[in-house]
Each structure stands twice: as structure tokens, then as C-alpha cells.
S.K.: 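Mind looking over this structure? Questions follow.
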2 protein chains.
Amino acid sequence: MAKRAQEKQDTLFVGSLEKGLRIMAAFNAHRTELGLTELAEVVGLDKSAAQRFTNTLHKTGYLEKDPESRRFRPSLKFMELAAAYLWSDPFVQLAMPKLIDLSRDLGERVNAARLAGSDIIYVIRIPTQLTSFAAMVVGNKVQALSSSSGRIMLAHMSEEERQLALETWPIDRITPRTVTDRSQIAREVEEAGQQGYGIAVNQNIINEIGIAAPVFDRMGRVAGTVQCSVSSQKWSLDRVHNEIAPRLMEVANSINLLR
Amino acid sequence: MAKRAQEKQDTLFVGSLEKGLRIMAAFNAHRTELGLTELAEVVGLDKSAAQRFTNTLHKTGYLEKDPESRRFRPSLKFMELAAAYLWSDPFVQLAMPKLIDLSRDLGERVNAARLAGSDIIYVIRIPTQLTSFAAMVVGNKVQALSSSSGRIMLAHMSEEERQLALETWPIDRITPRTVTDRSQIAREVEEAGQQGYGIAVNQNIINEIGIAAPVFDRMGRVAGTVQCSVSSQKWSLDRVHNEIAPRLMEVANSINLLR
DNA sequence: TTGCTTGTATTATTATTTAATACTTTTTAT
DNA sequence: ATAAAAAGTATTAAATAATAATACAAGCAA
């Protein structure tokens with residue numbers, strides 16, 4: 001309340017809503033089911049508050065509650081929200097049919113991603129090959145610096161933005177091969193800029209090569225990427241450059257975000 | 001406040017949160033971008049309230065605001081919530097790899113759906129053929145009575161539940177061929193129960209045949225469906241019954257929701 | 001330009017949220 | 001099997017934080 005008082009005599013900010021949202025956002029890949037006290041800890045609320053908000057979220061249908069364990073889970077309403085997003089995003093609408101075609105042509109997993117803070121979020125996923133569940137989940141987040149999509153996005157930022165990102169955005173080691181050296185990443189980004197598309201090898205999943213081409217908005221900024229993930233067992237880097245990258249670039253360029 | 005007072009001296013219910021959620025839920029396929037007053041109308045709040053909640057949602061990153069038009073759109077956070085749901089749902093986790101296989105075998109669009117109220121919501125979509133955008137959107141909702149998935153779900157409900165659903169759940173005419181006669185739907189549901197899978201022809205998209213097989217939870221209730229959508233130009237009903245339905249049933253049966 | 005609609009800012013009022021606490025049930029450890 | 005601890009639920013008095021009315025500013029249409 002010390003903290004809140006200092007920055008929020010803003011009567012246009014409804015703290016209760018924000019706290020409720022924090023509860024919703026507490027759920028993720030690692031926290032799929034949470035009890036009351038657990039939730040309170042994670043979100044940083046006292047038990048009473050957690051009680052009120054979970055109760056409200058439950059009554060409004062946003063959280064399921066297992067009557068046995070009394071633990072909470074996200075409900076299908078979370079999926080409805082995603083649908084609302086997808087309908088609202090012109091990039092998604094335009095990219096979708098082209099990605100389906102591309103996926104059939106290549107026979108490989110094709111995705112579309114957008115930047116959110118220091119992460120990229122997959123907004124379209126068209127799986128064709130079995131891999132980890134994470135690689136199939138719509139809405140999944142990956143640190144930008146370790147992804148092909150993030151790297152080509154960085155390459156198209158202003159010098160300052162890019163510098164800042166390279167210096168400050170998080171780099172957790174996901175696989176043993178994740179590059180954590182920032183100057184090394186800077187080089188990868190530079191290379192991406194030169195060739196026009198980003199590449200990431202073994203960064204998030206071992207034996208996986210990611211390739212990402214940028215789609216620009218009317219301002220000339222990168223709206224998102226068209227991305228493809230392939231197995232390095234099956235594809236050499238050479239073949240990726242020669243056969244996949246050009247197709248991705250072609251598709252990316254064909255997506256025209258006029259308005 | 002008359003209404004609120006009568007039912008909610010419940011101090012465990014946070015009205016502000018609920019109103020904020022209503023704002024979020026105002027966005028859908030038809031309402032992709034909303035101004036302040038528009039939002040206020042849709043959600044049933046006065047302008048002041050709409051102002052406070054949109055402001056909060058914007059500051060917390062859940063709504064984007066176009067600086068030009070000052071209209072609001074859902075943000076990528078909506079997608080993150082979806083990811084949280086997907087990770088939390090064992091049905092999704094188990095179904096995903098099997099659906100990918102199935103999709104490759106059949107070369108047709110394969111989905112998984114769950115029931116939410118009187119609608120089914122698609123939780124997995126694996127598009128392989130171009131169709132309407134609606135048929136590709138994860139989280140999209142379809143009235144249960146007009147979908148193959150909904151029909152097989154109904155078939156496995158208790159007599160009372162089914163009766164109630166058949167009598168009260170909404171049936172909007174989506175295509176000219178949408179069946180709006182409830183006794184006709186009752187027959188379709190009955191047939192679904194007998195053959196073990198649901199069928200819907202031209203119900204949501206013309207020239208589309210939907211086929212859905214049920215996946216049961218440990219309680220013997222339908223947890224969700226494995227569904228396939230094909231073009232009636234390409235597939236006869238006979239072939240659907242002989243070639244697709246058995247494969248769907250097989251896959252559905254192989255998904256074992258023990259815990 | 002004028003009038004009309006939509007969005008923004010400010011404020012006093014009070015209804016609503018808060019957090020403390022006691023109670024109940026479930027789980028864990030002895 | 002029993003006791004102790006932890007987790008969830010219910011109740012309440014206090015006051016903070018949300019409310020809604022209103023005035024102001026900025027866009028848009030006629």
C-alpha cells in the first residue's frame with residue numbers, strides 16, 4: 001500500500017481488476033493448476049484477496065475448480081479470448097491461408113509469430129511433424145533473442161532499440177546449445193539482417209532449426225514473422241538456406257498489410 | 001445497483017473484476033475493434049466505468065489502443081492466456097500428437113473440441129485445406145446443436161440433460177442448410193448415439209461435412225471430441241462413414257484420460 | 001464554421017473492497 | 001490412529017478505492 005499509494009491516486013486505474021488479471025496470468029506451462037495459498041504466493045496477494053479474486057473468477061466462469069482438490073485451472077473462456085485476438089489481427093488473417101499452403105508444400109511445421117516485449121508469441125501454428133508439445137501450443141512464448149523470429153525482428157529495429165535489446169533482454173539457457181553470449185547473438189542478428197531472414201539452430205529444442213522471414217506493416221516495421229521449424233537430422237543448413245528460406249521470404253513478401 | 005444489491009452483499013465477489021472481464025469478453029469475431037462509448041454500450045456500463053476499465057486494461061497490457069482512432073483491440077496477452085489453458089488441459093496434451101498423425105493420414109482438417117455451455121469450442125485445429133478463416137481459428141465457438149461434436153456429446157448425456165439441451169439450446173441458422181427443427185436434430189443426435197459418432201452436413205459452412213468421435217474421461221463422460229471436416233464435393237457420405245469415421249473412432253479410443 | 005459525437009480529466013460521495021480473524025476441513029507426520 | 005499443521009472457508013468492522021456526475025477538449029460531419 002505504500003507502493004500503491006505513491007503511484008496511484010489515479011482514479012482511472014482499477015486496482016481490483018489488475019489483481020484479478022494477475023491471478024489469471026499466474027497460470028502457464030509450469031503452473032497449470034493452483035491452490036488458493038499457492039496462488040496467493042505466486043501473485044503476491046494475501047489469502048483473503050486471493051480468495052476474493054479466485055471466487056469471482058470462478059463465478060464468472062474464467063477459472064475451473066476441482067471439487068476434490070479445490071485447485072483452480074483456466075477455463076475454456078481463455079480460449080475464447082484467444083479467438084477474439086485472432087479475429088482482430090489482420091496479420092493473422094492474411095497469413096493464415098498462405099501458411100497453410102506453405103505447410104503443405106514444405107511438409108514441415110510452419111508458424112507465425114509476433115513480438116511482445118522481449119518474447120515472441122506464436123499466433124499461428126501448423127504442426128505436421130511430431131515434436132514437443134511446446135512447439136504445438138498457440139500462444140506459447142519464447143525469448144526473442146533465442147528464436148529465429150526474434151532475431152530477424154531485431155535486425156529491423158533502429159540501432160538504439162536493437163542495442164538495448166541485445167544488452168538487456170533475457171537469455172536463459174534452454175538447451176545445452178542455447179547461445180547465451182550476447183555478442184554472439186549480435187552477430188547472428190547482423191547476419192539475419194544481411195540475408196533477410198533469421199536462423200536459430202538448437203536454441204529452444206535440440207536438433208531443431210528455425211527459420212523466420214519478416215512481414216512488414218505500412219510503417220515499414222516488422223509486424224510479425226513467418227516461420228518454419230525443421231529437424232536438423234533431416235535438413236542440412238545448406239538445404240535450409242536454399243530450399244526453405246526462399247519460400248519463406250516469398251510468402252512473407254506476399255503478405256501485404258496495407259491499411 | 002438494485003439488482004446488484006439484492007444478490008451480492010457477497011463480499012467475496014469483486015464486482016470491479018467482473019466488469020473488467022465483461023470488457024475483455026466484448027471482443028469477438030464481429031467486434032474486433034471498439035471505441036469507448038461503443039464498448040460502454042455493448043457491455044452495459046456508463047462511460048465513466050468504461051473509461052476506468054479500458055484504461056486499466058490498457059495499462060496492464062491487455063488492450064491495445066490505436067492512437068489515431070483511440071479504439072481498443074485485444075492484445076497478445078489474450079494469446080498467452082490461451083497457452084495457459086492448453087497446457088492445463090490433459091485432453092489437449094494427449095490428443096495433440098494423435099491428431100497430427102491423423103491429419104497427415106487423412107490429409108484433411110482435423111480438430112479437437114470441448115463443450116462450453118451450449119457451444120463447442122475448438123481447442124486444437126490442424127488445417128490442411130483452405131476454408132473460411134472461422135474454420136482455422138483456435139478458440140472459435142459453434143453452437144453445439146449444429147455441430148458434429150455437439151451432437152455426439154449430446155448423445156452421451158443423461159436423458160434429462162439431453163432433453164433440456166434439445167429444447168433450450170440456441171439454434172441460429174448459419175447456412176441456408178442449417179437444421180433448425182429441433183425434432184430433426186433430436187433424430188440426428190439419436191443416430192449419432194447409435195453409430196458412435198456425430199455427423200453434421202452443411203450446418204456451419206456449405207459443402208462441409210463434419211464428423212466427430214467422443215473421447216471419454218474417467219467418469220465415462222465425454223471430455224471432448226476428435227473431429228474432422230471435409231468437403232462434400234470431394235467426399236461422399238458413404239466414404240465419410242467408411243473411411244473417416246472408423247479412423248476417428250480409433251484415434252478417439254486411443255486417447256486415455258486415466259487420471 | 002458550426003454543431004454533434006466521442007474521448008479525457010476532475011471531483012465529492014459512498015458503496016465496495018479490504019484484511020484480520022475465527023472456523024472447518026484436509027493433509028501430513030508421528 | 002492420533003495429533004499437529006496446513007489449506008480452504010466464512011464473517012465482519014473499517015476505510016480505502018471505486019463510483020458516477022459533470023465539465024472540458026478534441027475529432028468528425030454537415
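Every chain is numbered from 1 and lettered A, B, ... according to where its sequence line falls, protein lines coming before strand lines. Just so it is clear, the values below take in all heavy atoms, side chains as well, and ignore hydrogens, waters and symmetry mates.
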S.K.: With sequence neighbours excluded, give me every side chain to side chain donor-acceptor pair (under 3.5 Å) pair touching residues 163-174 of chain A.
M.R.: none

S.K.: Nearest whole Å is fine: how far is D:dA18 P from B:Asn55 CG?
M.R.: 12 Å

S.K.: Does A:Thr60 reach the main-chain N or O of B:Glu18 with its side chain, forming a donor-acceptor pair under 3.5 Å?
M.R.: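 No; judged by distance alone, with no hydrogens or angles, the pair does not exist.
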
S.K.: Could you tell me how far apart A:Glu33 (CD) and D:dG8 (P) are, to the nearest whole angstrom?
M.R.: 11 Å

S.K.: For B:Phe72, answer base if it contacts any base atom (sugar-phosphate contacts may also be present), sugar-phosphate if it contacts only those atoms, and nothing otherwise; contact means non-hydrogen atoms under 4.0 Å.
M.R.: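 Answer is nothing: B:Phe72 stays at 4.0 Å or more from every strand.
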
S.K.: Taking for each residue the nucleotide of DNA chain D bearing the nearest heavy atom, is the 5' side occupied by A:Lys65 or by A:Leu17?
M.R.: A:Lys65

S.K.: Measure from the side-chain heavy atoms of A:Asp46 and tell me the nearest of C:dT8, C:dA19, C:dT16.
M.R.: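 So the nucleotide nearest the side chain must be C:dA19.
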
S.K.: Taking only distance into account, with no hydrogens and no angle test, what donor-acceptor pairs under 3.5 Å do side-chain atoms of residues 36-43 of chain B form with protein atoms, sequence neighbours excluded?
M.R.:
| from | atom 1 | to | atom 2 | distance (Å) |
| --- | --- | --- | --- | --- |
| B:Glu38 | OE1 | B:Gly35 | N | 3.3 |
| B:Glu38 | OE1 | B:Arg71 | NH1 | 3.2 |

S.K.: Output one line per pair: protein atom, nucleotide atom from nucleotides 25-29 of chain D, and distance, for all N/O pairs under 3.5 Å.
M.R.:
| from | atom 1 | to | atom 2 | distance (Å) |
| --- | --- | --- | --- | --- |
| D:dA26 | O3' | B:Arg70 | NH2 | 3.3 |
| D:dG27 | OP1 | B:Arg70 | NH2 | 3.1 |

S.K.: Tabulate atom names and distances for all N/O pairs under 3.5 angstrom spanning the protein and nucleotides 9-11 of chain C.
M.R.:
| from | atom 1 | to | atom 2 | distance (Å) |
| --- | --- | --- | --- | --- |
| C:dA9 | N7 | B:Gln51 | OE1 | 2.9 |
| C:dA9 | N6 | B:Gln51 | NE2 | 3.3 |
| C:dT11 | O4 | A:Thr11 | OG1 | 3.4 |

S.K.: Check salt bridge (charged side-chain N to carboxylate O under 4.0 Å, His left out) between B:Glu159 and all other residues, then give those that pass, not counting sequence neighbours.
M.R.: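 Per chain and number, B:Glu159 pairs via salt bridge (charged side-chain N to carboxylate O under 4.0 Å, His left out) with B:Arg162.
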
S.K.: What is the distance, rounded to the nearest whole Å, between atom CG of B:Leu45 and atom P of D:dA20?
M.R.: 9 Å

S.K.: Holding to salt bridge (charged side-chain N to carboxylate O under 4.0 Å, His left out), I want the full list of residues that pass it with A:Arg221, two or more places apart in sequence or in another chain.
M.R.: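 Scan of A:Arg221 (salt bridge (charged side-chain N to carboxylate O under 4.0 Å, His left out), adjacent residues dropped) gives A:Glu161.
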
S.K.: How many Å lie between CG on B:Leu39 and P on C:dT8, as a whole number?
M.R.: 12 Å

S.K.: Could you pull out all residues at least two apart from A:Ser254 that satisfy side-chain hydrogen bond (donor to acceptor under 3.5 Å, both in side chains)?
M.R.: A:Lys98

S.K.: Can you tell me how far C1' of D:dT12 sits from CZ of A:Arg52, to the nearest Å?
M.R.: 13 Å

S.K.: With side chain to side chain donor-acceptor pair (under 3.5 Å) as the rule and sequence neighbours excluded, what pairs involving residues 137-147 of chain A come up?
M.R.: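 Every pair satisfying side chain to side chain donor-acceptor pair (under 3.5 Å) with a residue in residues 137-147 of chain A: A:Asn140-B:Trp87, A:Lys141-B:Glu80, A:Gln143-A:Ser146.
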
S.K.: To the side chain of B:Lys47, which of C:dT17, C:dG7, D:dT9 is closest?
M.R.: C:dG7

S.K.: At less than 4.0 Å, is any side-chain N or O atom of B:Lys19 found next to OP1 or OP2 of C:dT16? Yes or no.
M.R.: no

S.K.: What bend angle does the helix from C:dT1-D:dA30 to C:dT30-D:dA1 show across its length, from five-pair end axes and to the nearest 10 degrees?
M.R.: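 End-to-end axis angle: 60°.
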
S.K.: Quick check on C:dG7: is either OP1 or OP2 less than 4.0 Å from any side-chain nitrogen or oxygen of B:Thr37?
M.R.: yes

S.K.: Quick one: B:His58 NE2 to C:dT8 P, roughly how many Å, whole number?
M.R.: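 Going from B:His58 (NE2) to C:dT8 (P), I get 9 Å.
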
S.K.: Starting at CG of B:Leu36 and ending at C1' of D:dC24, how long is that distance when rounded to a whole Å?
M.R.: 15 Å

S.K.: Identify the residue among B:Asp119, B:Asp89, B:Asp217 that makes a salt bridge (Lys or Arg N to Asp or Glu O under 4.0 Å) with B:Arg114.
M.R.: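 Considering B:Asp119, B:Asp89, B:Asp217, a salt bridge (Lys or Arg N to Asp or Glu O under 4.0 Å) with B:Arg114 is found only for B:Asp89.
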
S.K.: Among all residues two or more places apart in sequence or in another chain, which pass the salt bridge (charged side-chain N to carboxylate O under 4.0 Å, His left out) test with A:Arg52?
M.R.: none

S.K.: B:Ile23 has an atom CD1; how far is it from atom P of D:dA18, in whole Å?
M.R.: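 Atom CD1 in B:Ile23 sits about 15 Å away from atom P in D:dA18.
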
S.K.: Rounded to the nearest 0.5 Å, what's the gap from CD1 on B:Ile121 to CG on A:Leu76? Could you check?
M.R.: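 Answer rounded to 0.5 Å: 5.0 Å.
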
S.K.: Please enumerate all residues that pass side-chain hydrogen bond (donor to acceptor under 3.5 Å, both in side chains) together with A:Asn111, with sequence neighbours excluded.
M.R.: A:Arg125, A:Gln227

S.K.: Listing request: all ring-ring contact (aromatic ring centres under 6.0 Å, His included) pairs with a residue in residues 18-45 of chain B, at least two apart in sequence or in separate chains.
M.R.: none

